[in-house]
Amino acid sequence: MTTQKNNKAIHISLWIAQGLLGAMFIMAGSMKAMQPIEALAEMLPWATEVPSALVRFIGISELLGGTGLLLPSIFRIKPSLTVWAAIGLAIVQVLAAGFHGSRGETEVIGMNVVLIAIAAFIAWGRSKKAPIQPK
């Protein structure tokens, strides 16, 4: 009985993590992919200091990653893609931490570490502890 409760708690925790991280990356990715660079630079000063194609690439990567955290699991069509989306987003955050570190923006790296941990939790949970079965 205890194991069943633990699995249910992990399953619920994973859904919460997937929902929050997915929504966050969908919003952040949409902004970077669709907003004019000048408007984006008001919130993200680095957006004007790198090629606009890089900003758009990051945005599209985040948008697809956030979508990948949610849709495969919700519709149970290739739910293993959720694991790959979580791994991909963790890699994006590792690269983001390196980018921010190279710019001396160390105050941002803590958030990158938190996002890496959440993405790693989702990848581990959906691959080992509480995988979602395909239809």
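Values reported hereafter were calculated over all heavy atoms of this structure, with side chains retained and with hydrogens, waters and symmetry mates removed.
Under the side chain to side chain donor-acceptor pair (under 3.5 Å) criterion, Gln133 pairs with no residue at all, not counting sequence neighbours. For Phe99, the ring-ring contact (aromatic ring centres under 6.0 Å, His included) partners two or more places apart in sequence, or in a different chain, are Trp46. The side chain to side chain donor-acceptor pair (under 3.5 Å) search around Arg103 returns Glu49, Glu105, not counting sequence neighbours.
With a 4.5 Å cut-off on side-chain heavy atoms, Leu89 and Met24 do not count as touching. Residues Phe75 and Leu70 form no side-chain contact, since every pair of their non-hydrogen atoms from C-beta on lies 4.5 Å or further apart. Looking only at side-chain heavy atoms (C-beta outward), Trp84 and Lys78 stay at 4.5 Å or farther from each other. Thr82 has its side chain out of reach of Ile132: every pair of non-hydrogen atoms, C-beta onward, lies at least 4.5 Å apart. Val114 places none of its side-chain heavy atoms less than 4.5 Å from the side chain of Gln93.
Scanning all heavy atoms of the two residues, the minimum distance from Ile37 to Thr48 falls at CG2-CG2, 4.0 Å. In plain terms, the two heavy atoms of Ala130 and Leu14 that are nearest each other are CB-CD1, 3.8 Å. Minimum heavy-atom separation, Ala85 to Gly68: CB-C, 3.5 Å. The two residues Leu81 and Pro72 come nearest to each other via the heavy atoms CB-CG, 3.9 Å. Minimum heavy-atom separation, Ile74 to Trp15: N-CH2, 3.7 Å. Across Ile87 and Ala123, no two heavy atoms sit closer than the pair CG1-CB, 3.9 Å.
Residue pairs meeting the salt bridge (charged side-chain N to carboxylate O under 4.0 Å, His left out) criterion with at least one partner in residues 25-40, sequence neighbours excluded, are Lys32-Glu62. Pairs engaging residues 110-124 under the salt bridge (charged side-chain N to carboxylate O under 4.0 Å, His left out) rule: none recorded [sequence neighbours left out]. Residue pairs meeting the salt bridge (charged side-chain N to carboxylate O under 4.0 Å, His left out) criterion with at least one member in residues 86-99, sequence neighbours excluded, do not occur.
No continuous path of ILVMFWY side-chain contacts below 4.5 Å connects Leu21 to Val92, so the two sit in separate hydrophobic clusters. Residues Phe25 and Met111 share a hydrophobic cluster, clusters being chains of Ile/Leu/Val/Met/Phe/Trp/Tyr side chains in contact below 4.5 Å. Note on Met34 and Met43: separate hydrophobic clusters, where clusters join Ile, Leu, Val, Met, Phe, Trp and Tyr whose side-chain heavy atoms are under 4.5 Å apart, directly or indirectly. Ile58 is connected to Leu44 through a chain of hydrophobic side-chain contacts under 4.5 Å among Ile, Leu, Val, Met, Phe, Trp and Tyr, so both are in one cluster. When hydrophobic clusters are built by joining Ile, Leu, Val, Met, Phe, Trp and Tyr residues whose side-chain heavy atoms come closer than 4.5 Å, directly or via intermediates, Leu54 is grouped together with Met31.
Interatomic distance, NE2 of His100 versus CG of Leu95, reported as 11.0 Å (0.5 Å rounding). With values rounded to the nearest 0.5 angstrom, Leu20 atom CG is found 11.0 Å from Leu69 atom CG. Here OG1 of Thr67 is found 4.5 Å from CG of Leu63. Values are rounded to the nearest 0.5 Å.
Ser127 places a side-chain N or O within donor-acceptor distance of the main-chain N or O of Trp124, the cut-off being under 3.5 Å.
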